[in-house]
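Structure, as structure tokens:
Atom set for the values below is all heavy atoms of this structure, side chains included, hydrogens, waters and symmetry mates excluded. Because the structure is predicted, anything quoted here is derived from the model rather than measured. A note on names: the letters A, B, ... follow the listed sequences, proteins ahead of strands, and every chain is numbered from 1.
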Amino acid sequence: MGKNNSKTPQAIRGTQDIFGAEAESFAFVVETFERVRKLYRFRRAEFPVFEKTEVFARSIGETTDIVSKEMYSFEDRGGESLTLRPEFTAGIARAYLTNGWQQHAPVKLATHGPLFRYERPQKGRYRQFHQIDAEIIGAAEPQADVELLAMADQVIRELGIEGVTLHLNTLGDGDSREAWRAALVEHFRSVKDELSEESQERLEKNPLRILDSKDRRDQRFVADAPKIDDFLTDEARGFFDAVTSGLDAAGVKWVRAESLVRGLDYYRHTAFEFIPDEGSAAADALGSQSTILGGGRYDGLIESLGGPATPAVGWAAGIERLAMLVDQEKTQWNDDWTVAVIPVGDAAEQEAQNVVAALRSQSISCEYAFKGNMKKRMQKASAAGARYALILGEDEIADGIVTVRDMVSGEQAPMSRKGVPQGVFDLLFENDTAKHLGDELSPLAERLASS
RNA sequence: GCGAUCGUAGCUCAGUUGGUUAGAGCGCCGGUUUGUGGUACCGGAGGUCGGGGGUUCGAGACCCCUCGAUCGCCCCA
């Protein structure tokens, strides 16, 4: 709140400025995803954040709420309707078609970035949010599903997230799905008056969604609703069996979730979500937005964009939600390997720049305390978590040394200026090994004298 | 789109049934320490109480509108 008359503009509702520990967790999620995706040989790709509205409208179909009320759409200066991407999949499918990536099929793609949905913000839900995303396009084989899920599982495990389980279901092929849907409608229609108001609506618009209603009135009838298993064709059953046995072989734990569905018509076969276990810390942290990673097989999507029938499977996960579950200790800067350089007096500034450059070129992370008097600079070094401060003033320059201060013990001792990058590395390395071995360290002066 | 709760210093919050110059902790700046942090002590800056309107002799407190936040519903690609 400044003193000037003009008001500072506010951030757009549902957007967030991420800084500090949360930003480090966010980066940790992305870095982990990038590392794991290379292990599985998924290729990195980048896509536009906006597309013609029809890219999303056609793939999503006539699910009116989504298209009319949940998308960020606008007209550009030429009068064309554009939409900020609300998901990755449709844009990737468009790119697959317009770039002729059939030539690479099956193609394994990984991407991450911002997405936009015009929704009311709540816990774990923003209007601009971020996802990591993996897709395999042009593969009808169940082992593609297994590989994709194994990767998801490994990402979550390498993030150190505990108490999350893969919930798995099949929606069958097109015929299975239609027969099941018809049976569900019949089942729920017979008890329509006893369903919640929302589910009476859903009965017409999106009957599969009744299965994951949060309303108790509905849940009574969900338990004895028709099961997809009774409607699976032999082929669909064989596909699901191949996926589940593949997951078992890959060591991915899963549970069957018969009520897990996808609202959109293009989904076939595998549908899955990684969900925190009841009562886990993860469940508490996420509120009512419980799914941290979700996806499925969308064999019908690419056709809806005017392409050839193309099998595909993919998942996406919200980076913010994952970041909420990451142990922040894992993402903290490694202070044990950080030093600070403190010039004293104007004459030392240039020499100090030379020292920090030498340290950083040896991959030693280094804070250059450039502001204020020496006291302020020492405070900065301390706040930066530096293990050592390298003090450089007229005296040191005259003697061809730097003064090394141990920020934990307070000891100080000289180190030759020429020996700085290697000498500092040696100190840090000794600390690290001593820490692991539980050894005592000699006084700083001795350590520097003997080197 | 609907509902609930909330909005006071940079941050976290306290402010009795409306009553005089709006407080605390942390943080920030300065000093005790002209080249030495993390501890301690002392001092200081910083708020038109989200914004607008109304009720009242008097509003940070009450009413209306608006913006925003949080949590939930709808939706969840």
Side-chain angles (χ1 to χ4, degrees), chain A residues 1-3 5 7-16 20 55-61 63-71 83 85-93 115-126 129 131 133 196-199 201-202 205-206 208-209 212-215 261-267 271 273 286-291 294-296 298 301 304 314-316 318 335 340 342-345 347-348 367 369 372-386 388-397 403-412:
Chain A
M1 283 158 230
K3 288 178 179 169
N5 297 325
K7 279 189 190 166
T8 303
Q10 288 180 311
I12 303 299
R13 160 175 261 184
T15 64
Q16 36 177 355
V55 170
F56 306 110
R58 283 175 60 180
S59 66
I60 287 166
T63 311
T64 49
D65 264 10
I66 292 180
V67 174
S68 65
K69 151 180 152 183
E70 311 284 356
M71 298 202 309
T83 295
R85 63 183 179 195
E87 57 155 347
F88 280 112
T89 309
I92 293 174
L115 303 169
F116 305 84
R117 295 181 186 177
Y118 197 88
E119 297 186 292
R120 194 69 176 267
Q122 53 181 290
K123 191 172 191 128
R125 260 187 130 163
Y126 302 94
F129 59 104
Q131 287 186 339
D133 180 280
S196 67
E197 296 75 22
E198 286 84 13
S199 284
E201 284 277 313
R202 286 190 269 241
K205 292 197 298 195
N206 203 348
L208 301 200
R209 279 285 167 205
D212 53 17
S213 168
K214 290 171 183 167
D215 197 304
V261 296
R262 291 279 100 106
L264 304 186
D265 289 339
Y266 57 66
Y267 280 102
E273 295 179 358
L286 289 173
S288 65
Q289 307 304 317
S290 54
T291 298
Y298 51 94
L301 170 60
S304 72
W315 58 251
D335 295 339
I342 300 179
V344 182
E367 182 85 34
N373 58 25
M374 182 166 186
K375 180 172 178 161
K376 294 301 301 175
R377 294 176 194 221
M378 286 298 290
Q379 283 174 350
K380 180 72 178 172
S382 192
Y388 294 101
L390 305 187
I391 299 162
L392 194 56
E394 285 179 33
D395 298 347
E396 283 83 0
I397 290 173
T403 296
V404 178
R405 179 180 179 85
D406 185 318
M407 295 299 281
V408 175
S409 69
E411 296 167 278
Q412 290 193 180

Looking across every strand, which nucleic acid part, if any, lies under 4.0 Å from A/Tyr388 by heavy atom: base, sugar-phosphate, or nothing? nothing

Could you check whether A/Gly410 gets within reach of a base, just the sugar-phosphate, or nothing at all, counting any heavy atom under 4.0 Å? base

Between CD1 of A/Ile391 and CE of A/Met374, what distance do you get to the nearest 0.5 Å? 4.0 Å

Measuring only the P atom in each nucleotide, how far is B/G44 from B/C26? A whole number of Å is fine. 16 Å

Tell me every residue that passes side-chain contact (heavy atoms from CB on, under 4.5 Å) with A/Glu119, counting only those two or more places apart in sequence or in another chain. A/Glu70, A/Arg117, A/Arg125

Name all residues meeting the side-chain contact (heavy atoms from CB on, under 4.5 Å) criterion together with A/Arg13; count only those two or more places apart in sequence or in a different chain, and write none if there are none. A/Arg120, A/Pro121, A/Arg127

Using the criterion of both pairing distances under 3.5 Å for Watson-Crick and G-U wobble pairs, give all stems of 3 or more consecutive pairs involving RNA chain B. B:1-7 with B:67-73, B:10-13 with B:23-26, B:28-32 with B:40-44, B:50-54 with B:62-66

If I take atom CD1 from residue A/Ile60 and atom CG from residue A/Leu301, how far apart are they, to the nearest 0.5 angstrom? 9.5 Å

B/G68, B/G37, B/C73: which one has an atom nearest the side-chain heavy atoms of A/Met378? B/G37

Checking all strands, does A/Arg13 fall into the base, sugar-phosphate, or nothing category for heavy-atom contacts under 4.0 angstrom? sugar-phosphate

So what does A/Gly124 hit on the nucleic acid, given a heavy-atom distance under 4.0 Å: a base, only sugar-phosphate, or nothing? nothing

Footprint string (nucleotides 30-35 of chain B, 5' to 3'): B base within contact, S backbone only, - free, heavy atoms under 4.0 Å: S-B--B

Could you list, one pair per line, each protein nitrogen or oxygen that sits under 3.5 Å from a nitrogen or oxygen of nucleotides 41-44 of chain B, together with the distance?
none

Using a heavy-atom cut-off of under 4.0 Å over every strand shown, decide if A/Arg202 touches base, sugar-phosphate, or nothing. sugar-phosphate

Does A/Tyr266 reach a base, just sugar-phosphate, or nothing at all? Heavy atoms under 4.0 Å. sugar-phosphate

Mind checking what makes salt bridge (charged side-chain N to carboxylate O under 4.0 Å, His left out) contact with A/Arg85, not counting sequence neighbours? none

Do any N or O atoms from the side chain of A/Ser59 and from the backbone of A/Val55 form a donor-acceptor pair under 3.5 angstrom? yes

Please tell me if A/Lys214 has a side-chain N or O lying less than 4.0 Å from either OP1 or OP2 of B/C73. yes

Sorted by chain and residue number, the side chain to side chain donor-acceptor pair (under 3.5 Å) partners of A/Ser304 (sequence neighbours excluded) come out as none

Ignoring hydrogens and angles, write down the donor-acceptor pairs under 3.5 Å from the side chains of residues 403-410 of chain A, residues two or more places apart or on other chains.
from     : atom 1 : to       : atom 2 : distance (Å)
A/Thr403 : OG1    : A/Glu396 : OE2    : 2.6
A/Arg405 : NH1    : A/Gln412 : OE1    : 2.7
A/Asp406 : OD1    : A/Arg387 : NH1    : 2.8
A/Asp406 : OD1    : A/Val408 : N      : 2.7
A/Asp406 : OD1    : A/Ser409 : N      : 2.9
A/Asp406 : OD2    : A/Arg387 : NH1    : 3.3
A/Asp406 : OD2    : A/Ser409 : OG     : 3.4
A/Ser409 : OG     : A/Glu411 : N      : 3.2
A/Ser409 : OG     : A/Glu411 : OE1    : 2.7

N-O pairing of A/Arg262 and A/Glu273 below 4.0 Å: yes

5' priority, RNA chain B, between A/Tyr267 and A/Gln10 [closest heavy atom]: A/Gln10

Given B/C74, B/G37, B/A69, the nucleotide with the shortest approach to the side chain of A/Ser382: B/G37

Please enumerate all residues that pass side-chain contact (heavy atoms from CB on, under 4.5 Å) together with A/Arg58, with sequence neighbours excluded. A/Glu54, A/Leu305

Under the rule for side chain to side chain donor-acceptor pair (under 3.5 Å), what residues qualify as partners of A/Ser199, not counting sequence neighbours? A/Ser196, A/Arg202, A/Asp218

Using the test side-chain contact (heavy atoms from CB on, under 4.5 Å), find all partners of A/Lys376 that sit at least two apart in sequence or belong to another chain. A/Asn373, A/Gln379

Can you give me the N/O atom pairs linking the protein to nucleotides 1-6 of chain B at distances under 3.5 Å, or say none if there are none?
from : atom 1 : to       : atom 2 : distance (Å)
B/C2 : N4     : A/Arg120 : NH1    : 2.6

